[in-house]
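A quick write-up on the structure given underneath.
All values below were derived from every heavy atom in this structure, side-chain atoms included, with hydrogens, water molecules and symmetry-related copies excluded. Predicted, not measured: the structure shown is a model, and the values here were computed from it.
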Amino acid sequence: MWAPVIGRLPADRRIIAYDVRGHGRAAGAPPAPDLHALADDLAQLLDELGIERIGLAGLSMGGAIAQTFAVDHPDRLTDLYLVATAATPQTAYLQRAAEAEEYGVGAQLPTTLDRWFSPAFLAAEFAPVRYARASVHRANLADWCASWRALARLDTRLALSRLGVPTRVIAGGDDPSTPPAMMQDIARAIPGADFVVIPGVRHLISLEAPDRLARLLTPDY
């Protein structure tokens, strides 16, 4: 999901992109009970790699994990980028898990892609759309539902006020899942946070607008 952005980041930066439990090559891993466990996974990964501090970017569920990591492990961050994410429980997340269990993951594909991509980008059937469609098709039901239920426990809104790390909050201008108003509330909760809207894109900004996102992730270049 991050490959188009990674290829556009400065070559002298070390970039680490890893598979969260239930995704990619971490499919079928024991499901995480909550986002704190997923944040601890990241801390353990950094320990294994011998890395003390990082600049952290997370999109969607990754943004929820990034927030939780920032709250649980604040001393390990140099800067933070929250992209198209939420900070409070959303009833829709539990509903999506329940619907997947009743009708299958594939039944959620049309509404999922509609949330993820703007109509013109989706209709053009670009490679990122084909990738996203294939990812949903091959998603494991248990992993899919576990991810939604962990995300449904997200509630960092009050804790964000304690963050002391430079933060940029990035929203897709046409994102129905985490609209700009929701993202702006997150930015307002974080002392000194910067808020940016990328117009004309929906939820999966890393696939639909990788150039613009890459520039926002490298403000010092």
Side-chain angles (χ1 to χ4, degrees), residues 1-2 5-6 8-10 13-18 20 34-36 38-43 46 51-90 92-93 115-116 150-221:
M1 190 175 78
W2 281 97
V5 176
I6 291 172
R8 291 166 166 84
L9 294 175
R13 286 197 168 185
R14 182 183 184 186
I15 310 298
I16 299 167
Y18 72 103
V20 175
D34 53 35
L35 290 163
H36 297 285
L38 294 172
D40 289 343
D41 285 347
L42 174 54
L46 297 179
I51 299 172
E52 287 294 325
R53 302 176 74 215
I54 56 168
L56 179 60
L59 187 156
S60 193
M61 184 176 181
I65 296 170
Q67 291 174 64
T68 307
F69 183 88
V71 171
D72 292 352
H73 307 276
D75 57 331
R76 306 203 69 167
L77 290 180
T78 59
D79 48 337
L80 178 65
Y81 300 86
L82 303 176
V83 188
T85 190
T88 54
Q90 308 292 316
Y93 300 158
R115 290 194 309 271
W116 283 356
L151 191 56
R153 298 184 181 94
L154 170 67
D155 196 1
T156 57
R157 184 68 172 76
L158 295 178
L160 293 177
S161 64
R162 301 197 301 267
L163 296 186
V165 62
T167 301
R168 171 166 281 176
V169 179
I170 303 168
D174 296 334
D175 184 358
S177 295
T178 55
M182 177 188 291
M183 298 294 295
Q184 190 169 32
D185 283 344
I186 294 175
R188 287 172 176 154
I190 301 171
D194 183 27
F195 176 61
V196 182
V197 177
I198 300 178
V201 299
R202 291 198 171 178
H203 194 59
L204 285 193
I205 301 172
S206 63
L207 294 179
E208 188 167 356
D211 280 318
R212 285 177 283 178
L213 183 55
R215 287 195 294 271
L216 291 172
L217 297 179
T218 53
D220 53 334
Y221 277 78

Exercise. Side chains of Arg157 and Asp185: does their closest heavy-atom pair fall under 4.5 Å?
Worked result: yes
Seminar exercise, completed: Shortest non-hydrogen pair, Asp174 vs Gly200, comes out as OD2-CA, 3.3 Å
For this session: Check whether any side-chain heavy atom of Val196 lies under 4.5 Å from a side-chain heavy atom of Tyr81, and answer yes or no.
Result: no
For this session: Quick one: pull up CG in Leu35 and CG in Asp40 and give me the separation to the nearest 0.5 Å.
Result: 11.0 Å
Exercise. How far does CH2 of Trp2 sit from CD1 of Ile15, to the nearest 0.5 angstrom?
Worked result: 10.0 Å
Exercise. Closest heavy-atom contact between Leu82 and Ala66?
Worked result: CD2-CB, 3.9 Å
Exercise. Does any N or O in the side chain of Arg153 come within less than 3.5 Å of the main-chain N or O of His36, such that one atom is a donor and the other an acceptor?
Worked result: no
Exercise. Do His203 and Trp116 have side-chain heavy atoms sitting under 4.5 Å apart?
Worked result: yes
Exercise. Roughly how far, to the nearest 0.5 Å, is CG of Leu204 from CG of Leu213?
Worked result: 11.0 Å
Problem set entry | Minimal non-hydrogen separation, Gly173 against Val197, with atom names | CA-CG1, 3.6 Å
Exercise. Is it true that a side-chain atom of Thr88 and a backbone atom of Asp155 form a donor plus acceptor pair closer than 3.5 Å?
Worked result: no
Problem set entry | Side-chain touch Arg162/Val71, heavy atoms, less than 4.5 angstrom | yes
Problem set entry | His73 NE2 to Leu56 CG distance, which is reported to the nearest 0.5 Å | 11.0 Å
For this session: Check Phe195 against Ala171 and note the closest heavy-atom contact, atom names and distance.
Result: CE1-CB, 4.1 Å
Exercise. Is the side chain of Thr178 donor-acceptor paired with the backbone N or O of Ala86 at a distance under 3.5 Å, no angle test?
Worked result: no
Exercise. Got Leu217 and Ile170 here, is their nearest side-chain heavy-atom distance under 4.5 Å?
Worked result: yes
Problem set entry | From CD1 (Ile16) to CD1 (Ile6), nearest 0.5 Å | 10.0 Å
For this session: Determine whether more than 12 heavy atoms belonging to other residues, nucleotides or ligands lie under 6.0 Å from atom CD1 of Ile51.
Result: yes
Problem set entry | Heavy-atom donor-acceptor pair, Arg53 side chain to Leu77 backbone, under 3.5 Å | yes
Exercise. Can you check whether Met61 reaches Leu38 side chain to side chain, under 4.5 Å on heavy atoms?
Worked result: yes
For this session: Return the minimal non-hydrogen interatomic distance between Pro89 and Ala152, and the atom names on each side.
Result: CB-O, 3.5 Å
For this session: Please name the residue in the list Leu42, Leu46, Ile54 that meets the side chain to side chain contact (heavy atoms under 4.5 Å, CB included) test with Arg76.
Result: Leu46
Problem set entry | Heavy-atom donor-acceptor pair, Ser177 side chain to Arg115 backbone, under 3.5 Å | no
Exercise. So, Thr156 side chain and Thr68 main chain: donor-acceptor pair closer than 3.5 Å or not?
Worked result: no
Exercise. Do you know the tightest heavy-atom contact between Ile205 and Leu59?
Worked result: N-CD1, 3.9 Å
Exercise. Distance-only, no hydrogens or angles: does the Arg212 side chain make a donor-acceptor pair with backbone N or O of Ile198 under 3.5 Å?
Worked result: no
For this session: Could you tell me the separation between the CD1 atom of Ile186 and the CD atom of Gln67, rounded to the nearest 0.5 Å?
Result: 5.0 Å
